[in-house]
Amino acid sequence: MPELIEVELYRQLAEGALDRAIAKVDAPDDWYLKRGTTAEELRAALEGRSFVQARRTGKWLLLDIGGDDGEPSGVLGLHFGMSGRLLVDGTGPIERLEYAPDRSEAKWDRFALAFDDGGGLRMQDPRRLGAVELDPDETSLGIEASTITPAQLRSVLARSHAPLKARLLDQNHIAGIGNLLVDEMLWRAGLDPARPASSLSPAELRRLHRHLRTTIAELTARGGSHTGDLHQARVRGSTCPKDGTPLERRTVGGRTTYSCPRHQR
DNA sequence: ATTGTGGCCTGCCCGC
DNA sequence: TGCGGGCAGGCCACAA
């Protein structure tokens, strides 16, 4: 469930891990290291160094590593899948994570760093769907959703025959939106998730852009992707909070989709 | 390139 | 009380 809202909270948390010398890397789960990254590589790249900046694009948290000469020497990329949590010095910004257990168990620790000062950074992920990578491919990520412009959104959707929802979930074109956010913004915008992406009129495009930006901003202020007005109705047999129509549940773009057949057109 | 499908992973919850 | 199956969603490999 970590979508860009949750990962942004993790990024802010990670600012508390900057400029602290890394004493030890603990990468106990090889499966969790992706795209050829190895535990040995991580130790070589991180031990004795420190992070100089905490960035985010879409659902990726990107920690710039400072080199011996003070110049950036690499990037540690963290991805949280749907059940990944970030903890710095044992505490995190999110207590309850949708679709993940509330508890904390040591066996869910997939990656950890110990700092010289005795603190640490830890990634917990019960379902192991997250990832740790050294120098992740940032160029393949699409436009950051939270700041996308109307013209950029138009170009993302242009000439695509994929369902609107599938396109908005495609991280290679627009980065950061997950299944909960997309259902919420399409519900607010009154757009059918199954519409071909390129079928929106100029007025509908403007409407979608406005709701995309305000949905992200509002749910950020409320504290998470699960705080949308549609969210409590994302269960079987519920009705539209807007007009009371029985909600439709189907698969669009390979994902469970709730929408209102009456006002989403 | 684009789009769709199945699979991965694990914990939880339901019905029997 | 135990067990099996379905489900959740992020993303990747693969097929057409």
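Lettering of chains follows the sequences in order, A, B, ..., and the numbering in each one begins at 1.
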#### Entry: Length of the CZ-C1' vector between Arg167(A) and dT2(B), whole Å
8 Å
### Query
OP1, OP2 of dG10(C) versus side-chain N and O of His79(A): anything below 4.0 Å?
no
### Message
Are the side chains of Glu138(A) and Val75(A) in contact, using a 4.5 Å heavy-atom criterion?
### Response
yes
### Query
Using a cut-off of less than 4.0 Å, is there contact between a side-chain N or O of Arg127(A) and OP1 or OP2 of dG11(B)?
no
### Message
Classify Lys34(A) by what it touches in the nucleic acid, base, sugar-phosphate, or nothing, heavy-atom distance under 4.0 Å.
### Response
nothing
### Message
Heavy atoms only, 4.0 Å cut-off, all strands: where does Thr256(A) land among base, sugar-phosphate and nothing?
### Response
sugar-phosphate
### Query
Rounded to the Å, how far apart are Ile174(A) CD1 and dC11(C) P?
13 Å
### Message
Taking atom CZ as the centre, does Arg49(A) end up with more than 12 heavy-atom neighbours from other residues, nucleotides or ligands that are less than 6.0 angstrom away?
### Response
yes
### Side chains of Ser259(A) and Arg250(A), donor plus acceptor under 3.5 Å
yes
### Query
Which part of the nucleic acid does Gly178(A) contact within heavy-atom distance under 4.0 Å: base, sugar-phosphate only, or nothing?
sugar-phosphate
### Task
Let me know the distance between CZ of Arg236(A) and C1' of dC7(C), rounded to the nearest Å.
8 Å
### Query
Given dC11(C), is OP1 or OP2 found less than 4.0 Å from the side-chain N or O atoms of Lys59(A)?
yes
### Nucleotide nearest Ala162(A) when distance is taken to its side chain, options dG11(B), dG4(B), dG10(C)
dG4(B)
### Message
Would you say Trp31(A) places a side-chain N or O within less than 4.0 Å of OP1 or OP2 belonging to dC8(B)?
### Response
no
### Task
Take atom NZ of Lys165(A) and atom C1' of dG4(B), then tell me their distance rounded to the nearest Å.
15 Å
### Task
Round to the nearest Å and state the distance from Trp60(A) atom CH2 to dC11(C) atom P.
9 Å
### Message
Nearest to the side chain of Ser160(A), heavy atoms from C-beta on, is which of dT3(B), dC9(B), dG11(B)?
### Response
dT3(B)
### Query
Tyr32(A) OH to dC11(C) C1': how many Å, rounded?
13 Å
### Task
Provide, to the nearest angstrom, the distance between the CG atom belonging to Asp30(A) and the P atom belonging to dC9(B).
14 Å
### Query
Base, sugar-phosphate, or nothing for Gly81(A), non-hydrogen atoms under 4.0 angstrom?
sugar-phosphate
### Query
Touch check for Arg35(A), heavy atoms < 4.0 angstrom, all strands: base, sugar-phosphate only, or nothing?
nothing
### Query
Do Leu164(A) and Val252(A) touch side chain to side chain, with heavy atoms closer than 4.5 Å?
no
### Query
Distance check: side-chain N/O of Arg249(A) vs OP1/OP2 of dA8(C), anything under 4.0 Å?
yes
### Query
Would Arg56(A) and Glu144(A) pass as an ion pair if we require N to O under 4.0 Å?
yes
### Query
OP1 or OP2 of dG10(C) less than 4.0 angstrom from a side-chain nitrogen or oxygen of Ser83(A), does that happen here?
no
### Query
NA contact type, Arg255(A), heavy-atom cut-off 4.0 Å: base, sugar-phosphate, or nothing?
base
### Query
What integer distance in Å separates Asp170(A):CG from dG4(B):P?
11 Å
### Message
Any carboxylate oxygen within less than 4.0 angstrom of a Lys/Arg side-chain nitrogen, looking at Lys165(A) and Asp183(A)?
### Response
yes
